[in-house]
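To start, the structure itself, in structure tokens.
So you know, we letter chains A, B, ... as the sequences are listed, proteins then strands, and number each from 1.
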Amino acid sequence: MGISGLLPVLRNIIEPRHVSKYAGKKVAVDTYSWLHKGSYGCALELCTGAPTDKYVTYCLDRVKMLLHYKVIPVMVFDGANLPSKQGTEVDRKLSRLENRSKGIQALRADNRSAAIEYFQRAVDVTPAMAYKLIKALRKLNVECIVAPYEADAQLAYLNLQGYVSAVISEDSDIIAFGAKAVLLKMDKDGYGEDTCPRYRQKLLGACSTMNLSGWEPERFTQMCIFAGCDYLKSLPGMGIKKAYAAINNIGGQRAPLDECFVRAINKLRLDGTLVPSDYLKDFERAYLTFQFQRVFDPEKQMLVTLKPLPEVRDTSFNHLDIQAPLLSSRQKHPLAVLEAHSLTLKLASSRAH
DNA sequence: TGGTAATCTTACAT
DNA sequence: TCTCAAGATTACCA
């Protein structure tokens with residue numbers, strides 16, 4: 001889903017770019033999107049259980065294209081699901097099952113083209129498929145990294161640490177996570193859209209309605225959450241523009257739930273926006289997920305957080321005792337919030353290797 | 001009219 | 001043992 005309305009707003013500052021710009025450098029790939037695209041060409045086989053490796057071939061062709069241009073791919077895979085996202089996945093799973101059974105019916109009625117159409121709506125990328133690709137990639141000596149949780153956070157970390165020069169992705173979430181150089185919508189020939197050229201600075205001149213000059217990255221992330229993201233549905237009537245306006249009126253504080261932020265929420269409520277009672281708590285959890293999600297550091301060979309954790313005594317979090325009862329005094333450390341909603345690290349760790 | 005919400009089309013590859 | 005759709009177009013609302 002990504003961030004609602006973000007890419008159209010950024011369109012003015014996105015430039016066409018060929019991947020050969022990164023020749024001689026490492027580039028991280030959001031592999032799921034490639035697997036997903038590659039699945040469409042073999043939807044019938046995947047849904048009927050017939051053997052196929054077309055999706056592997058699809059991904060390998062793209063990897064070979066990168067290698068042709070001397071770009072060194074680092075293939076990143078999703079790991080465990082974040083429990084906070086499980087709500088929507090149930091609906092999607094039901095929809096896929098429904099389309100699959102319709103496809104089987106069409107197949108029995110000898111309507112092959114209709115069956116394929118249904119199956120294309122039913123295809124699902126499974127960990128088994130990802131593993132099959134990983135084995136093929138290892139034969140080519142291509143580096144693979146399985147994220148503890150979401151690939152987006154992992155990709156952003158690799159980019160922020162300088163482990164890779166850019167990220168190839170289809171998802172605007174990667175920008176909210178803070179990645180510095182992103183090549184969006186790259187086609188099979190290596191052409192894509194680059195958000196690298198100092199998008200925050202250029203945005204101020206490119207778009208008269210949104211001026212992000214002087215914005216801390218944290219505030220940009222907050223705007224993205226406000227506009228509606230995978231972790232938190234936006235308030236009714238709230239889109240990217242109103243999110244910008246709401247955040248822009250807040251002072252330059254870094255903390256998600258400082259007094260200024262709470263005041264902005266209260267103002268929205270006074271203006272007639274329906275703000276659920278636990279919106280602040282949910283907003284904070286979304287913010288912490290963007291900032292401190294667990295990722296794997298390939299150099300240290302250990303799990304770390306995307307951004308360094310603030311000190312427990314950081315005064316910017318002190319107000320949480322009052323504004324967000326979610327945090328008990330024993331759980332004041334931001335990470336405690338995430339851990340409470342996460343699967344066991346044991347699982348994440350075993351998947352990272 | 002601007003902005004948001006809902007709906008439709010494409011994706012792959014031959 | 002089986003992971004995420006996204007962009008463009010149109011419709012609706014204050």
Side-chain angles (χ1 to χ4, degrees), chain A residues 1-11 14 30-47 49 52-59 61-62 76-93 95-97 99-100 112-113 116-117 119-134 146-155 169-174 177 184-188 193 207-210 226-231 233-246 271-274 343 347-348 350-351:
Chain A
M1 295 236 291
I3 309 301
S4 307
L6 181 61
L7 290 181
V9 166
L10 297 179
R11 184 176 298 159
I14 292 177
D30 183 8
T31 312
Y32 174 86
S33 61
W34 287 11
L35 276 170
H36 196 262
K37 284 184 179 181
S39 301
Y40 281 98
C42 49
L44 188 143
E45 291 90 335
L46 289 173
C47 288
T52 179
D53 52 2
K54 279 185 188 172
Y55 58 92
V56 174
T57 307
Y58 174 89
C59 294
D61 284 347
R62 294 206 158 197
V76 176
F77 295 80
D78 288 275
N81 282 336
L82 286 177
S84 56
K85 288 179 73 175
Q86 279 181 345
T88 55
E89 284 166 12
V90 174
D91 297 336
R92 285 178 183 143
K93 185 162 283 185
S95 170
R96 283 195 293 263
L97 284 173
N99 280 302
R100 186 170 177 274
R112 189 181 167 88
S113 63
I116 288 178
E117 206 161 300
F119 286 144
Q120 284 178 335
R121 295 176 186 274
V123 285
D124 197 14
V125 178
T126 65
M129 292 166 64
Y131 185 53
K132 198 170 173 179
L133 175 60
I134 288 174
V146 179
Y149 294 104
E150 293 184 299
D152 289 320
Q154 181 69 50
L155 293 159
S169 176
E170 311 282 319
D171 193 343
S172 56
D173 270 336
I174 190 70
F177 272 110
L184 291 166
K185 301 172 203 166
M186 191 192 71
D187 65 19
K188 62 182 169 60
E193 298 173 348
C207 186
S208 59
T209 56
M210 290 175 65
F226 243 139
C229 64
D230 289 351
Y231 312 130
K233 199 173 178 293
S234 72
L235 294 168
M238 177 74 69
I240 190 77
K241 301 274 186 177
K242 289 181 182 175
Y244 165 79
D271 291 344
T273 303
L274 187 67
L343 300 178
L347 171 65
S350 65
R351 285 185 155 215

- Item | Qualifying residue, where the test is side-chain contact (heavy atoms from CB on, under 4.5 Å) with Tyr55(A) and the options are Leu35(A), Val123(A), Val125(A), Leu133(A) | Leu35(A)

- Item | Whole-Å distance separating the CD atom of Glu45(A) from the P atom of dC2(C) | 21 Å

- Kindly check if the number of other-residue, nucleotide or ligand heavy atoms within 6.0 Å of CD (Glu117(A)) is above 12? no

- Task: Show the numbers, then the answer: is there a side-chain contact (heavy atoms from CB on, under 4.5 Å) between Met129(A) and Leu46(A)?
- Result: CA-CA 10 Å; Met129(A) 292 166 64; Leu46(A) 289 173; 3.8 Å; yes

- Message: Please enumerate all residues that pass ring-ring contact (aromatic ring centres under 6.0 Å, His included) together with Phe119(A), with sequence neighbours excluded.
- Response: none

- Task: Looking only at non-hydrogen atoms, find the nearest pair between Cys229(A) and Ile3(A) and report the distance.
- Result: CB-CD1, 3.6 Å

- Item | Gap between atoms CG and C1', on Asp30(A) and dT3(C) respectively (whole Å) | 11 Å

- Message: If I take atom CZ in residue Arg96(A) and atom P in nucleotide dC2(C), what distance separates them, rounded to the nearest angstrom?
- Response: 12 Å

- Glu170(A) CD - dC4(C) C1' separation (whole Å): 12 Å

- C1' spacing across the pair dC4(C) / dT14(B), given as an integer number of angstrom: 28 Å

- Minimal heavy-atom distance between Thr52(A) and Lys132(A), with the atoms involved, is O-NZ, 3.0 Å

- Give one of base, sugar-phosphate or nothing for Ala43(A), where a contact means two heavy atoms less than 4.0 Å apart. nothing

- Item | 5′-ward residue of the pair Leu7(A)/Tyr131(A) relative to DNA chain C | Tyr131(A)

- Task: Determine whether any donor atom in the side chain of Asp78(A) lies under 3.5 Å from an acceptor atom in the base of dC4(C), or the reverse, and answer yes or no.
- Result: yes

- Task: Quickly work out the Leu35(A) CG to dT3(C) C1' distance and round it to whole Å.
- Result: 10 Å

- Note on the structure: Stems field, DNA chain B, Watson-Crick or wobble, 3.5 Å, at least 3 pairs, by first number, holds B:1-10 with C:5-14

- Message: According to a cutoff of under 5.5 Å between the ring centres and under 30° between the ring planes, does Tyr32(A) stack with the base of dC4(C)?
- Response: yes

- Identified side-chain contact (heavy atoms from CB on, under 4.5 Å) counterpart of Glu150(A) within the set Asp171(A), Asp78(A), Val76(A): Asp78(A)

- Query: What closest approach, in Å, do Gly2(A) and Asp230(A) show between heavy atoms, and which atom pair accounts for it?
  - Reply: N-OD1, 3.4 Å

- Comparing nearest nucleotides in DNA chain C, the 5'-proximal residue of the pair Gly2(A), Met129(A) is Met129(A)

- Heavy atoms of Glu170(A) and Leu184(A) approach each other most closely as C-CD2, 4.2 Å

- Expected string for nucleotides 4-14 of chain B under the B/S/- scheme (protein heavy atoms, under 4.0 Å, primed atoms plus P, OP1, OP2 as sugar-phosphate) is SS-----BBS-

- Rounded off to whole Å, could you give me the CG-to-P distance for the Leu6(A) and dA6(C) pair? 13 Å

- Provide, to the nearest angstrom, the distance between the CG atom belonging to Asp230(A) and the C1' atom belonging to dT3(C). 13 Å

- Item | Ile3(A) CD1 to dA6(C) C1', straight-line distance once rounded to whole Å | 14 Å

